[in-house]
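Values reported hereafter were calculated over all heavy atoms of this structure, with side chains retained and with hydrogens, waters and symmetry mates removed. Convention: sequence-line order gives letters A, B, ...; per-chain numbering from 1.
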Protein chains: 2
Amino acid sequence: MKQSKVTVVDVARAAGVSKSTVSLVLQGSSLVNEGTRAKVGAVIRELGYVYNRGAANLRQSKSKIVGIVVNDLTNSFFAELAVGMDMVVQSAGYIQFMANTSENADRQGEVIASMREHGMAGLILSPARGTTAADLRPLVDSGIPVVLVARNVPGLKVSSVVSDGHAGAAAAVRHLIELGHRRIAFLGGFNDTAVFDERMRGFRDALQEAGLNASDELVISSAPSRAGGVAAVERMLAMVDRPTAALCFNDAVAFGVCDGLRSARIEPGVDFGVIGFDDVIEAKTAVPALTTVSVDPQGMGRRAAQLLLKQINAGDFDAEALVASVRLVVRESCGAAQRMKREAVTA
Amino acid sequence: MKQSKVTVVDVARAAGVSKSTVSLVLQGSSLVNEGTRAKVGAVIRELGYVYNRGAANLRQSKSKIVGIVVNDLTNSFFAELAVGMDMVVQSAGYIQFMANTSENADRQGEVIASMREHGMAGLILSPARGTTAADLRPLVDSGIPVVLVARNVPGLKVSSVVSDGHAGAAAAVRHLIELGHRRIAFLGGFNDTAVFDERMRGFRDALQEAGLNASDELVISSAPSRAGGVAAVERMLAMVDRPTAALCFNDAVAFGVCDGLRSARIEPGVDFGVIGFDDVIEAKTAVPALTTVSVDPQGMGRRAAQLLLKQINAGDFDAEALVASVRLVVRESCGAAQRMKREAVTA
DNA sequence: TTCATTAATTGGAACGTTCCAAACTGTCAA
DNA sequence: TTGACAGTTTGGAACGTTCCAATTAATGAA
């Protein structure tokens with residue numbers, strides 16, 4: 001039963017050539033005669049030979065394996081990201097170790113170490129929360145190309161592909177202003193992350209640009225989840241001078257914000273403008289459909305993988321920072337539809 | 001920069017022992033003296049030695065790598081499945097090649113071949129549509145443990161973990177009957193798949209058990225997608241004797257069916273009962289919230305991985321077929337809420 | 001004939017581990 | 001003094017490839 005023991009020497013013997021010749025055939029060298037190539041090919045098929053890439057990697061001390069480590073595969077944003085990477089990695093003839101860390105930095109450390117032992121040629125990492133530059137330093141110093149995606153790690157000189165959180169947030173806020181809102185909040189997300197900081201600065205800058213209030217009390221941080229959204233909006237509703245619209249840290253928070261508004265008998269998209277971030281799949285089908293900043297995660301994944309492969313092939317390389325552009329997708333939750341209706345009546 | 005060249009002999013030289021001793025330390029053998037163990041350990045850390053698992057695998061001709069191949073990672077059902085597997089594989093000290101096939105059987109063949117060349121110890125496969133027994137035969141015959149998950153491949157004697165489609169479908173239909181429906185359709189899905197067949201038989205059996213019509217015209221197949229759901233419900237609405245409720249092949253189809261009903265001014269969950277299958281994340285938040293058959297994909301993934309590891313460790317093993325139980329989650333789309341309201345009024 | 005040239009093939013030494021059998025230490029009993 | 005024994009350590013041969021230098025065979029020119 002377990003017979004997968006046929007090696008290149010077995011093939012050589014059966015074909016009446018030397019192992020070197022078989023090796024040459026395997027790598028499609030032009031040195032070998034057509035006749036022998038055919039004969040060897042036939043024997044390979046007949047014997048059910050399977051190439052041992054591990055042995056080859058050992059000899060050549062290089063591999064066609066890349067590591068992909070993602071913080072949360074159950075989040076469709078990161079799943080799409082992974083699929084994008086998978087596509088380009090596969091078509092380049094590479095294969096990937098892929099692991100999910102569930103936002104656990106320790107686990108992340110373990111899988112990266114394990115991948116290293118297995119001899120990966122490069123790593124794409126969507127870091128778990130709490131990842132520090134020190135965690136990654138040894139890997140980076142070893143000269144293995146690393147590309148960070150979706151989230152950055154401050155203090156680490158390494159390539160990255162992130163979305164333009166600043167521009168996205170600013171666009172969303174400008175849209176709300178255009179709809180007539182003058183007091184706008186920023187809800188949800190942990191305020192110690194780089195992503196939060198970037199989006200929040202976009203929010204602030206757009207408000208200031210319009211000469212509006214951008215004070216600290218308008219920024220309410222919380223867990224970046226649905227529950228966090230509920231919590232944040234409750235705190236917001238307790239304010240004396242209530243905002244009339246909010247930009248949320250991400251779509252999950254936005255859904256929570258909608259829940260929270262409804263329990264307070266405020267209808268999102270009618271009485272209050274809500275905008276999310278990421279454009280997860282559910283955003284389109286939710287009620288009200290969520291206005292959100294879309295970031296094409298699959299495209300980001302593809303770009304990250306391309307960057308990594310480029311760095312693997314170049315012997316030497318410099319860290320490169322790519323910023324994926326974003327666009328505002330206007331649906332219902334911001335109240336734009338309502339305004340159009342009002343205008344139609346007025347006209 | 002690229003210096004990762006330190007091997008076990010370098011460590012041995014630096015520590016003043018032989019490479020054999022270092023190897024012993026590496027595998028935590030009790031043979032080695034505490035003093036030497038400590039010294040070697042220190043040198044290892046100092047030199048930044050990284051273990052070359054590829055070389056070890058070559059020598060021992062076995063690996064701690066498993067393959068996970070999934071047909072569609074962007075589908076949250078399969079993403080959850082993958083995360084479940086990831087958990088148990090990681091905690092068992094294994095690492096996984098993981099690849100997405102996008103339902104492409106050719107690509108699936110390629111990645112499996114590649115994983116084999118890299119020396120995986122076993123494979124968990126959620127097969128792409130159109131996978132035949134012949135595609136997998138060589139792998140299975142080689143003695144490498146294979147576990148199929150979510151979908152089965154007919155004619156292949158290999159372990160599998162699937163959900164109980166028959167019981168789930170039957171439970172859903174019984175629920176609809178209990179709500180007073182007498183004419184029920186089965187909508188969506190390709191009728192040449194094993195999963196379709198199983199769910200459809202559950203549908204039929206429940207109808208016959210209640211003495212209701214279970215004729216062929218009530219089964220309308222289509223693509224197992226949202227668009228397929230729309231198409232199927234349109235065909236259903238053209239029937240002279242219209243059904244009043246439907247069990248859908250999966251949740252995506254169910255969403256499409258709701259769309260289609262609405263375009264015909266029929267309100268799902270009020271004028272027509274809809275039940276889905278799989279309980280994807282969106283099912284809970286959709287409007288109306290989808291009544292559906294829940295299958296705990298993460299749990300299935302865990303069980304599949306456990307089964308695979310068991311078979312890897314057992315030298316010899318028999319194919320084993322696990323059936324994951326399912327439960328009906330009653331929400332709004334079936335009309336149960338409506339009925340309760342009616343009953344309250346009547347009472 | 002002889003020699004250079006090209007085309008095709010080959011043996012053996014790597015690559016970084018593990019494993020086996022053998023070889024060192026001491027210690028203690030005979 | 002010898003031998004038995006346990007506790008440690010070790011050299012070299014694998015594992016299945018690739019690569020280099022070297023060999024052989026065939027052809028053609030001198």
Side-chain angles (χ1 to χ4, degrees), chain A residues 2-41 43-44 47-65 114 116-121 142, chain B residues 2-41 43-44 47-65 113-121 142:
Chain A
K2 193 167 277 181
Q3 68 211 8
S4 161
K5 289 269 127 221
V6 33
T7 93
V8 86
V9 271
D10 299 319
V11 173
R13 191 165 23 234
V17 296
S18 79
K19 61 180 168 36
S20 306
T21 305
V22 177
S23 174
L24 256 9
V25 171
L26 251 19
Q27 38 203 310
S29 161
S30 60
L31 283 178
V32 22
N33 177 292
E34 274 315 314
T36 17
R37 182 195 306 286
K39 183 165 50 182
V40 170
V43 172
I44 283 180
L47 263 49
Y49 165 77
V50 339
Y51 183 70
N52 184 333
R53 211 168 280 277
N57 289 346
L58 175 57
R59 175 63 228 253
Q60 310 181 124
S61 60
K62 74 181 169 106
S63 82
K64 285 246 183 185
I65 303 177
S114 174
R116 239 185 124 183
E117 293 185 349
H118 279 96
M120 65 177 169
S142 79
Chain B
K2 192 168 282 184
Q3 69 211 7
S4 159
K5 290 267 124 221
V6 33
T7 91
V8 86
V9 271
D10 299 320
V11 173
R13 191 166 22 237
V17 296
S18 80
K19 61 181 168 37
S20 306
T21 305
V22 177
S23 174
L24 256 9
V25 171
L26 251 19
Q27 39 204 309
S29 161
S30 60
L31 285 177
V32 17
N33 179 291
E34 274 315 313
T36 14
R37 181 194 307 285
K39 182 165 52 178
V40 171
V43 172
I44 282 180
L47 261 48
Y49 164 77
V50 339
Y51 184 70
N52 184 333
R53 210 167 279 276
N57 289 347
L58 175 57
R59 176 62 229 250
Q60 313 183 120
S61 58
K62 72 180 173 112
S63 82
K64 285 247 186 187
I65 303 176
S114 175
M115 288 178 178
R116 241 187 122 182
E117 293 185 349
H118 280 95
M120 65 177 168
S142 79

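Taking atom CZ of B/R59 as the reference point, atom C1' of D/dT17 lies 16 Å away to the nearest angstrom. D/dC15 atom P lies 22 Å from atom NE2 of B/H118, rounded to whole Å. Computed from coordinates, the B/N57 CG to D/dA14 P distance equals 20 Å when rounded to whole Å. Between the CG atom of B/L31 and the C1' atom of C/dT25 there is a distance of 15 Å, given to the nearest Å. Taking atom CD on A/E117 and atom C1' on C/dT17, their separation rounds to 13 Å, with Å as the unit. A/E34 places its CD atom 9 Å from the P atom of C/dA8, with the value rounded to the nearest Å. The OH atom of A/Y51 sits 18 Å away from the P atom of D/dC15 (whole-angstrom rounding). Rounded to whole angstrom, the span from the CZ atom of A/R53 across to the P atom of C/dC15 amounts to 22 Å.
Residue A/T7 places none of its side-chain N or O atoms closer than 4.0 Å to OP1 or OP2 of D/dC15. Note on B/Q27: a side-chain N or O is less than 4.0 Å away from OP1 or OP2 of C/dC19. Distances shorter than 4.0 Å separate none of the side-chain N or O atoms of B/S20 from OP1 or OP2 on C/dC19. Considering only side-chain N and O atoms, B/S23 lies under 4.0 angstrom from the phosphate OP1 or OP2 of C/dT18. Taking only side-chain nitrogens and oxygens, B/Q60 comes nearer than 4.0 Å to OP1 or OP2 of C/dC19.
Remark on DNA chain C: of its neighbouring residues A/V32 and A/K19, the 5'-side contact belongs to A/V32, judged by nearest-heavy-atom nucleotide. Residue whose closest nucleotide on DNA chain D sits further toward the 5' end, between B/T21 and B/S61: B/T21. Taking for each of A/L24 and B/S18 the nucleotide of DNA chain D with the nearest heavy atom, the 5'-most of the two is the partner of B/S18.
Between B/Y49 and B/V8, the closest heavy-atom pair is CE1-N, 3.8 Å. Minimum heavy-atom separation, B/N57 to B/K62: OD1-O, 3.0 Å.
With a 4.5 Å cut-off on side-chain heavy atoms, B/R116 and B/S142 count as touching. At least one side-chain heavy atom of B/S61 sits under 4.5 Å from a side-chain heavy atom of A/K5.
Contacts of B/V17 with the nucleic acid, taken as non-hydrogen atoms under 4.0 Å apart, involve only primed sugar atoms and P, OP1 or OP2.
For a distance-only test at 3.5 Å, the side chain of B/K5 fails to qualify as a donor-acceptor partner of the base of C/dG16.
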Mind running side chain to side chain contact (heavy atoms under 4.5 Å, CB included) on B/I65 and A/H118 for me, showing each step along the way?
CA-CA 9 Å; B/I65 303 176; A/H118 279 96; 3.7 Å; yes
